[in-house]
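For the single chain, residues carry numbers from 1 onward in sequence order.
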Amino acid sequence: QVQLVESGGGLVQPGGSLRLSCSASGSIFRINAMGWYRQGPGKQRELVAAITSGGSTNYADSVKGRFTISRINAENTVYLQMNNLKPEDSADYYCNSVATSVRWGRVSDYWGQGTQVTVSS
């Protein structure tokens with residue numbers, strides 16, 4: 001089992017920045033990809049950014065040019081640098097990891113508990 005712990009959320013003014021972090025821990029595993037999703041009030045969960053073990057990235061159109069996802073593979077940690085934040089970015093942000101168990105060879109999808117981001121003046 002893989003446990004994901006997020007941090008870095010908070011209240012920020014429009015145009016401000018936040019840096020989210022997510023660390024994966026647990027039994028021996030190999031992470032195939034990690035990413036960030038968000039879910040605002042009354043909205044469905046959507047992909048914000050994702051990164052594979054090879055460094056390939058994918059961003060939602062709404063955050064391109066403003067958000068940057070990065071990963072330290074050796075530490076199973078992923079970051080989301082969020083710049084020029086807008087009120088519409090307000091949401092609960094969830095870390096996601098697709099990992100393979102070394103022992104059992106199972107590929108599973110894991111989620112963190114979420115960290116809240118509020119963009120408001």
Side-chain angles (χ1 to χ4, degrees):
Q1 193 172 48
V2 176
Q3 183 177 5
L4 304 177
V5 179
E6 307 107 323
S7 64
L11 174 65
V12 65
Q13 294 183 332
S17 299
L18 285 173
R19 181 179 173 87
L20 307 183
S21 64
C22 173
S23 296
S25 62
S27 59
I28 298 176
F29 57 86
R30 297 288 182 269
I31 293 180
N32 304 321
M34 296 185 74
W36 291 93
Y37 288 71
R38 68 185 180 188
Q39 186 170 19
K43 300 179 180 179
Q44 63 181 359
R45 188 172 297 184
E46 64 176 350
L47 172 69
V48 178
I51 186 168
T52 68
S53 60
S56 178
T57 59
N58 185 38
Y59 296 92
D61 289 339
S62 60
V63 307
K64 287 181 179 178
R66 299 189 298 119
F67 292 9
T68 302
I69 188 170
S70 60
R71 179 183 175 184
I72 302 176
N73 289 338
E75 299 178 359
N76 293 322
T77 300
V78 65
Y79 301 93
L80 184 67
Q81 179 65 46
M82 305 185 294
N83 297 325
N84 192 24
L85 285 161
K86 304 175 180 179
E88 50 264 45
D89 294 319
S90 298
D92 291 327
Y93 284 71
Y94 297 89
C95 180
N96 169 258
S97 175
V98 178
T100 302
S101 169
V102 174
R103 175 64 178 86
W104 301 106
R106 293 196 183 105
V107 179
S108 300
D109 196 12
Y110 299 91
W111 294 91
Q113 293 299 307
T115 184
Q116 187 175 58
V117 172
T118 302
V119 184
S120 176
S121 59

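- Salt bridge annotation for Asp89-Lys86: absent, with no cationic side-chain nitrogen under 4.0 angstrom from a carboxylate oxygen.
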Scan the side chains in residues 102-119 for donor-acceptor partners under 3.5 Å anywhere in the protein, sequence neighbours excluded, and list what turns up.
residue, atom, partner, partner atom, Å
Asp109, OD1, Asn96, ND2, 2.4
Thr115, OG1, Gly9, N, 3.2

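- In this structure, Ala50 and Leu47 approach most closely via the heavy-atom pair CB-CD1, 4.1 Å.
- Under the 4.5 Å side-chain heavy-atom criterion for grouping Ile, Leu, Val, Met, Phe, Trp and Tyr, Tyr59 is not connected to Tyr37 through any hydrophobic cluster.
- Val78 and Phe29 fall within a single hydrophobic cluster, where Ile, Leu, Val, Met, Phe, Trp and Tyr are joined by side-chain heavy atoms under 4.5 Å apart, directly or via other members.
- Closest of all the heavy-atom pairs between Met34 and Ser97 is CG-OG, 4.0 Å.
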Could you pull out all donor-acceptor pairs under 3.5 Å where a side-chain atom in residues 11-24 meets a protein atom, sequence neighbours excluded?
residue, atom, partner, partner atom, Å
Ser17, OG, Asn83, OD1, 2.8
Ser21, OG, Ser7, OG, 2.7
Ser23, OG, Thr77, OG1, 3.3

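- Side-chain atoms of Tyr93 and Glu6, non-hydrogen and from C-beta on, never get closer than 4.5 Å to each other.
- For the pair Ile72/Tyr79, a side-chain contact is recorded, criterion being any heavy-atom separation below 4.5 Å from C-beta on.
- From Arg30, atom CZ reaches atom OG1 of Thr100 across 9.5 Å, with rounding to the nearest 0.5 Å.
- Heavy atoms only, all atoms of each residue included: Ile69 and Gly35 are closest at CD1-CA, 4.0 Å.
- The structure places OG1 of Thr57 at 13.0 Å from CZ of Arg71, a figure rounded to the nearest 0.5 Å.
- By the rule that hydrophobic residues join a cluster once side-chain heavy atoms approach within less than 4.5 Å of another member, Ile31 and Val48 end up as members of one cluster.
- At least one side-chain heavy atom of Arg38 sits less than 4.5 Å from a side-chain heavy atom of Glu46.
- Within the model, atoms CG of Leu85 and CZ of Phe67 stand 5.0 Å from one another, a figure rounded to the nearest 0.5 Å.
- Under the 4.5 Å side-chain heavy-atom criterion for ILVMFWY residues, a single connected hydrophobic cluster contains both Val63 and Trp36.
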